[in-house]
Amino acid sequence: MTVRTRFAPSPTGYLHIGGARTALFCWLYSRHHGGTFILRIEDTDRERSTDEAVQAILDGMAWLDLKQDEGPFYQTQRFDRYREVAQQLLKDGHAYHCYCSKEELDAMRAEQMARKEKPRYDGRCRDRKEPKPGVTPVIRFKNPQEGQTVVEDAVKGRVVFDNHELDDLIIVRSDGNPTYNFCVVVDDMDMRITHVMRGDDHLNNTPRQMNILKALGCTPPQYAHLPMILGPDGTKLSKRHGAVSVMQYREDGFLPEAVLNYLVRLGWSHGDQEVFSREEMVQLFDIKDINTSASAINPQKLLWLNQHYIKTGDLKRLGEELGWHLARLGVDVSKGPSLEGLVKAQQERAKTFKEMAEGSRFFFEEPKEYDPQAAAKNLTPDVAPALMTLREKLVALPDWTGPALHDVLNQTAEGLGLKLGKLAQPLRVAVSGGGVSPPIDATLELLGRDTSLKRLDRALEYIKQHS
RNA sequence: GCUCCCUUCGUCUAGAGGCCUAGGACGGAGCCCUCUCAAGGCUUAAACGCGGGUUCGAAUCCCGCAGGGAGCGCCA
């Protein structure tokens with residue numbers, strides 16, 4: 001039997017980190033077994049589902065490069081099918097019409113709560129023979145009242161529910177639209193899903209779904225309930241704490257492989273290994289290595305992984321990503337150093353591309369002003385003579401290359417009896433506008449002779465004016 | 001309230017009765033390297049929620065408790 005998994009988000013918001021991890025696990029499991037990965041959009045809630053959210057989910061999946069083999073399927077396009085199955089259930093005596101009003105149900109729940117009971121539908125319409133005039137009924141599933149339903153969960157193990165804990169849930173609303181739990185069941189059945197991997201907030205829904213499946217004559221799939229992902233503060237993911245769109249991660253300068261690598265280690269592990277290529281993940285991933293407990297997001301670790309991939313990634317690709325971020329900053333990269341060269345110079349000192357782009361701005365644009373602190377410390381009258389000496393040597397330098405610049409800098413400093421830092425740091429401020437840049441020789445090389453000298457002159461002028 | 005799930009360093013985790021003086025990673029601290037910022041190297045602090053069992057022996061098995069989470073909708 002080939003493995004068929006599905007990721008089934010509801011488009012009521014963007015794809016956030018929790019959904020992305022569920023998607024990743026589903027994708028990984030199908031890839032590992034050479035199976036099929038299905039994308040299904042659960043948009044039966046027409047009030048809250050939006051086209052923008054659908055697009056956001058699709059964009060997020062594309063950015064993470066989690067391609068589906070089938071779909072996206074939309075539940076709103078399958079309403080006829082759900083109604084058909086509901087009729088079948090009705091016909092077979094597994095479902096019935098319920099005429100209870102909302103008020104009636106609310107009152108019933110209130111009473112049960114008052115009695116410290118679990119609120120649930122008491123089945124008062126179960127054996128009703130006659131319709132109630134003037135009321136359009138809902139359809140409820142006739143849940144078994146005796147016995148137990150056992151979920152053999154691949155992550156949580158054996159979980160037993162008493163059937164009398166489960167009530168007769170509504171499968172078709174009075175407006176004729178099917179409900180979530182019912183659509184899921186019909187879809188999982190029709191799409192021949194073999195493994196349902198989803199958040200463990202669905203564990204309680206599982207016995208209900210299994211019972212419907214059984215009533216339909218189906219064998220339930222293998223379930224695997226994934227532990228939740230928590231915000232950095234250990235509480236539920238929220239807008240304030242970590243629940244941002246995966247696309248926001250791109251904007252913040254992360255690489256998809258870093259996000260994926262980070263995500264795969266949340267609730268899953270393979271010994272002590274921390275870094276996984278996509279291929280390794282596929283090869284090594286197994287449900288049995290999934291944890292049972294929730295995990296909190298650790299932004300620091302994501303940052304570390306991102307830097308790892310910045311340090312080790314393909315220069316051409318990284319250069320393109322840097323270009324994207326510089327463009328976002330409004331920087332014109334058509335003139336200036338090559339992006340690949342820049343990445344090479346910057347990759348050890350940036351945790352994100354956003355950071356790298358900000359720190360690379362001065363390669364393309366003359367700094368408007370010097371960082372006050374850096375200027376006060378380094379662009380002082382006493383360094384002017386050294387900078388002038390250096391300027392002469394730079395003008396005379398035959399080739400403007402890193403190693404040549406390195407030598408000139410060292411020799412000049414030595415000749416003047418200065419430590420290299422005394423010369424390099426003022427120069428850095430002169431050309432970059434601040435106290436931070438790649439090694440000064442690499443910086444000058446990337447900047448080129450003309451720009452470097454021009455900025456050096458400007459700094460000398462600045463010193464003169466401020467002395 | 002009822003049902004279900006969860007509980008190893010701050011965080012992610014290894015750990016399937018003796019390999020545990022509980023290992024790794026991120027983060028932290030310190031040192032080294034150094035033209036800035038980093039990167040890198042080395043060192044270091046830091047955890048089995050609590051209480052009972054079972055056993056020669058328990059982080060590992062069982063039972064309670066406590067704490068956390070989820071579900072209990074004509075939401076998904």
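Numbers restart at 1 for each chain; the letters A, B, ... are given by sequence-line order, proteins then strands. Computed over heavy atoms, backbone and side chain alike; hydrogens, waters and symmetry mates excluded.
- At the heavy-atom level, A:V160 lies under 4.0 Å from the strands shown only through sugar-phosphate atoms.
- B:U60 is unpaired under the criterion used here, namely a Watson-Crick or G-U wobble arrangement in which both key atom distances are under 3.5 Å.
- Along RNA chain B, the nucleotide nearest to A:V159 and the one nearest to A:P299 differ in position, and the one closer to the 5' end is contacted by A:V159.
- Under the side-chain hydrogen bond (donor to acceptor under 3.5 Å, both in side chains) criterion, A:R48 pairs with A:D45, not counting sequence neighbours.
- For the pair A:K156 NZ and B:U3 C1', the interatomic distance rounds to 15 Å; values are reported in whole Å.
- Between the side chain of A:N205 and the base of B:A76, a donor-acceptor pair under 3.5 Å is found.
- Nucleic acid contact class of A:H225 (heavy atoms, under 4.0 Å, all strands): none.
- Nucleic acid contact for A:V138: base, since at least one base atom lies under 4.0 Å from a heavy atom of the residue.
- No contact: A:R115 has no heavy atom under 4.0 Å from any strand.
- Taking the six-membered ring wherever Trp is involved, the centroid distance between the rings of A:W304 and A:Y309 does not fall below 6.0 Å.
- A heavy-atom distance below 4.0 Å to RNA chain B is reached by none of the residues of residues 352-365 of chain A.
- One atom, CZ of A:R158, and another, P of B:C4, lie 14 Å apart when rounded to the nearest Å.
- Tested against A:D168, the residues A:R126, A:K142, A:R140 include a single side-chain hydrogen bond (donor to acceptor under 3.5 Å, both in side chains) partner, A:R126.
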With the sugar-phosphate defined as primed atoms, P, OP1 and OP2, and the base as all remaining atoms, what B/S/- string results for nucleotides 12-19 of chain B, 5' to 3', for protein heavy atoms under 4.0 Å? BSS-----

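- Residue pairs meeting the salt bridge (Lys or Arg N to Asp or Glu O under 4.0 Å) criterion with at least one member in residues 402-415 of chain A: none, sequence neighbours excluded.
- When the C1' atom is used for both B:A66 and B:G24, the distance is 30 Å, rounded to whole Å.
- In this structure, the ring-ring contact (aromatic ring centres under 6.0 Å, His included) partners of A:Y462, at least two apart in sequence or on a different chain, are A:Y370, A:H466.
- With C1' as the reference atom, B:G51 and B:C32 are 49 Å apart, rounded to whole Å.
- Spacing of P atoms, B:G17 relative to B:G10, comes out at 27 Å, to the nearest Å.
- One finds no side-chain N or O of A:T179 lying less than 4.0 angstrom from the OP1 or OP2 phosphate oxygen of B:A76.
- The same atom, P, is picked in B:G69 and in B:C31; the two are 41 Å apart, to the nearest Å.
- When distances run from any side-chain atom of A:S174 to the nucleotides B:C35, B:A76, B:C74, the shortest one goes to B:C74.
- Taking atom P in both B:C33 and B:U13, one finds a spacing of 38 Å when rounded to whole Å.
- For residues 150-167 of chain A, the set of pairs meeting the salt bridge (Lys or Arg N to Asp or Glu O under 4.0 Å) definition, not counting sequence neighbours, comprises A:K118-A:E165, A:E152-A:R158, A:K156-A:D200, A:D167-A:R208.
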Show the atom names and distances, to 0.1 Å, of all donor-acceptor pairs under 3.5 Å that link a side chain in residues 283-293 of chain A to residues at least two apart or in another chain.
unit_1: A:D286; atom_1: OD1; unit_2: A:K288; atom_2: N; d: 3.4

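- Of the candidates B:C74, B:U3, B:U7, the closest approach to any side-chain atom of A:K102 belongs to B:C74.
- Here the side chain of A:R48 is nearest to one of B:G1, B:C2, B:A76, namely B:A76.
- Across A:Q346 and A:P438, no two heavy atoms sit closer than the pair OE1-CG, 3.4 Å.
- Closest approach to the A:E165 side chain among B:C5, B:G71, B:C2 is made by B:C2 (side chain taken as heavy atoms from C-beta onward).
- A:Y262 meets the side-chain hydrogen bond (donor to acceptor under 3.5 Å, both in side chains) test with no other residue; sequence neighbours excluded.
- Atom P of nucleotide B:G71 and atom CZ of A:R109 are separated by 16 Å, given to the nearest angstrom.
- With P as the reference atom, B:G27 and B:G40 are 9 Å apart, rounded to whole Å.
- Pair assignment for B:A70 gives B:U3, based on Watson-Crick or G-U wobble hydrogen-bonding distances that are each under 3.5 Å.
- Across every strand in view, B:A14 sits unpaired, with no contact that passes the Watson-Crick or G-U test at under 3.5 angstrom.
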Nucleotide by nucleotide, nucleotides 36-45 of chain B touches protein heavy atoms under 4.0 Å in the pattern (B base, S sugar-phosphate only, - none) BBBSS-----

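- Contact annotation for A:D441: base contact, defined as any heavy-atom pair under 4.0 Å involving a base atom.
- Pair check for B:C31 finds B:G41; Watson-Crick or G-U wobble, both atom distances under 3.5 Å.
- Residues meeting the ring-ring contact (aromatic ring centres under 6.0 Å, His included) test with A:H202, sequence neighbours left out: A:Y180.
- Proximity note for A:Q300 (side chain, C-beta onward) versus B:U3, B:C35, B:C26: the nearest is B:C26.
- At the heavy-atom level, A:S49 lies nowhere under 4.0 Å from the strands shown.
- A:Y121 meets the ring-ring contact (aromatic ring centres under 6.0 Å, His included) test with no other residue; sequence neighbours excluded.
- For residues 382-393 of chain A, the salt bridge (Lys or Arg N to Asp or Glu O under 4.0 Å) pairs, not counting sequence neighbours, are A:R391-A:D457.
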